[in-house]
Amino acid sequence: MIDWAFIAEAFPQVLASIPMTLLLVFVSIPIGWVLGILIALIKNAKVPVLYQVSVVFVSFMRSVPMVVVLFVAYYSVPLIIQSYTTSIGLSVNVDAVPAAAYAICAFIFEQAAYSSEVFRSAILAVDKGQLEAAESVGMTKTVAYLRIVLPQAITSALPNLNGLFVGLVQGTSLAYFVGVYEVMATSNLLATSSYAYIEAYLMATVIYEVLSFVFNRIFRVIEGRASRYLNLTAPDASAQTA
């Protein structure tokens, strides 16, 4: 039987951990996706050295389980920082850095790797003739990318970005392995004393389901508006390049 009394008592405490889950997501996503765009541009342009580094980085991040990346960030990065600061005569207390910071670093790298492939394919899907036309009327390549190529690429990438976003919302549950008390960690902690794990996982399931539903709906609205915006501005762009 499900212990409804436990759920009634514990659910508010689990709800109180949602801000930590959202913090992990909303800090990791913007930084990770900006890095993803930069990596995509580097790979498409085949910039010497940076291209090889980005290929290795993306391959590594896509091949290693996320929990391993979290452990590496949590246990190895502090040692590297402490070793480096000691070598230059500085004293840094790495223990003062919250576990969430290391988790965010791991999630940023994951998002950068996966989103870079999404952005790279989306950029390649944009008609190259538009870029050539923009350059022919005096636009620099940078301005043409910012005003013509990237808006179209990001719009076409939105469905895949939606998947990455919702996947990270669910993936934050792994952060409890490194001591971050988000939804899953809080649920486990509350269940330990009474062994009400079924109830705890039920609460976590409901919360993740609701969060995923809300963000899916938000992305659908954004996709619709972005598509309409591009359809409205497409004639103007063609007129300028004619």
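The analysis underlying the following values was restricted to heavy atoms, covering all of them including side chains, and did not include hydrogens, waters or symmetry mates.
Both F219 and I29 sit in one connected hydrophobic cluster of ILVMFWY residues. Membership requires side-chain heavy atoms under 4.5 Å apart, directly or through other members. Linking ILVMFWY side-chain heavy atoms closer than 4.5 Å, directly or via other members, places F57 and I42 in two distinct hydrophobic clusters. Linking Ile, Leu, Val, Met, Phe, Trp and Tyr whenever their side-chain heavy atoms come within less than 4.5 Å leaves Y51 and F60 in two separate clusters. Connection of W4 to L190 is established within a shared hydrophobic cluster, with ILVMFWY side chains joined at heavy-atom distances below 4.5 Å, either directly or through further cluster members. By the criterion of side-chain heavy atoms lying less than 4.5 angstrom apart, applied directly or through intervening Ile, Leu, Val, Met, Phe, Trp or Tyr residues, I18 is grouped together with F11 in one hydrophobic cluster.
Closest heavy-atom contact between V126 and Q130: CG1-NE2, 4.3 Å. Across every non-hydrogen atom of E182 and Y208, the tightest pair is OE1-OH, 3.1 Å. Nearest approach of A73 to Y102, heavy atoms of both residues: O-CD2, 3.4 Å. Taking every heavy atom of both residues into account, Q170 and S212 meet most closely at NE2-OG, 3.4 Å. Considering all non-hydrogen atoms of both residues, V180 and L24 come closest at CG1-CD1, 4.2 Å. Shortest non-hydrogen contact noted between F177 and V67 is CD1-CG2, 3.7 Å.
Put simply, CZ on F165 and CD1 on I218 are 7.5 Å apart, with the number rounded to the nearest 0.5 Å. Expressed to the nearest 0.5 Å, how far CG of L161 lies from CD of E223 amounts to 9.0 Å. Between M203 atom CE and T205 atom OG1 the span is 10.0 Å, to the nearest 0.5 Å. From T21, atom OG1 reaches atom CD1 of I207 across 8.0 Å, with rounding to the nearest 0.5 Å. We find the CZ-CG distance between R225 and L158 to be 13.0 Å, quoted to the nearest 0.5 Å. Here CZ of F6 is found 11.5 Å from CD1 of I198. Values are rounded to the nearest 0.5 Å.
At most 12 non-hydrogen atoms from other residues, nucleotides or ligands lie less than 6.0 angstrom from OH of Y181. Annotation: Y84, atom OH; neighbour count of heavy atoms from other residues, nucleotides and ligands within 6.0 Å does not exceed 12. Heavy atoms of other residues, nucleotides or ligands lying less than 6.0 angstrom from CZ of F26 number more than 12. Heavy-atom neighbours of E209 CD from other residues, nucleotides or ligands within 6.0 Å: at or below the threshold of 12. Within 6.0 Å of the OH atom in Y114, the count of heavy atoms belonging to other residues, nucleotides or ligands exceeds 12.
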> Given I154 and F119, is the side-chain contact (heavy atoms from CB on, under 4.5 Å) satisfied, shown in steps?
Replying inline: CA-CA 7 Å; I154 292 173; F119 288 123; 4.1 Å; yes
>> Walk me through whether V27 and I31 qualify under side-chain contact (heavy atoms from CB on, under 4.5 Å).
In response: CA-CA 7 Å; V27 174; I31 301 175; 4.3 Å; yes
>> If you apply the rule side-chain contact (heavy atoms from CB on, under 4.5 Å), what do you find for E110 with L168, and how did you get there?
In response: CA-CA 9 Å; E110 180 211 26; L168 180 59; 3.9 Å; yes
> Going through the checks in order, is the side-chain contact (heavy atoms from CB on, under 4.5 Å) test met by I108 and Q111?
Replying inline: CA-CA 5 Å; I108 286 174; Q111 288 298 308; 6.0 Å; no
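There is no side-chain donor-acceptor pair under 3.5 Å between Y197 and N188.
No side-chain donor-acceptor contact under 3.5 Å links T186 to the backbone of V183. Using a distance-only test at 3.5 Å, with no hydrogens or angles considered, no donor-acceptor pair links the side chain of Q13 to the main chain of A10. Distance alone, capped at 3.5 Å, places no donor-acceptor pair between the S28 side chain and the V25 backbone. Under the 3.5 Å distance criterion, the side-chain polar atoms of Q152 are matched with a main-chain donor or acceptor of I148. Looking only at distances, no side-chain donor or acceptor of S115 sits under 3.5 Å from a matching main-chain atom of V118. Side chain of T172 to backbone of V169: a donor-acceptor contact under 3.5 angstrom is found. S54 contributes a side-chain N or O that, together with a main-chain N or O of L50, makes up a donor-acceptor pair within less than 3.5 Å. The main-chain N or O of D3 is found under 3.5 Å from a side-chain atom of E199 such that the two form a donor-acceptor pair. Remark: the backbone N or O of I80 is not paired with any side-chain donor or acceptor of S83 at under 3.5 angstrom.
Salt-bridge annotation for E117 and R62: absent, with no side-chain N of the basic residue lying under 4.0 Å from a carboxylate O of the acidic one.
Counting heavy atoms from C-beta outward, L41 and Y145 have side chains that approach closer than 4.5 Å.
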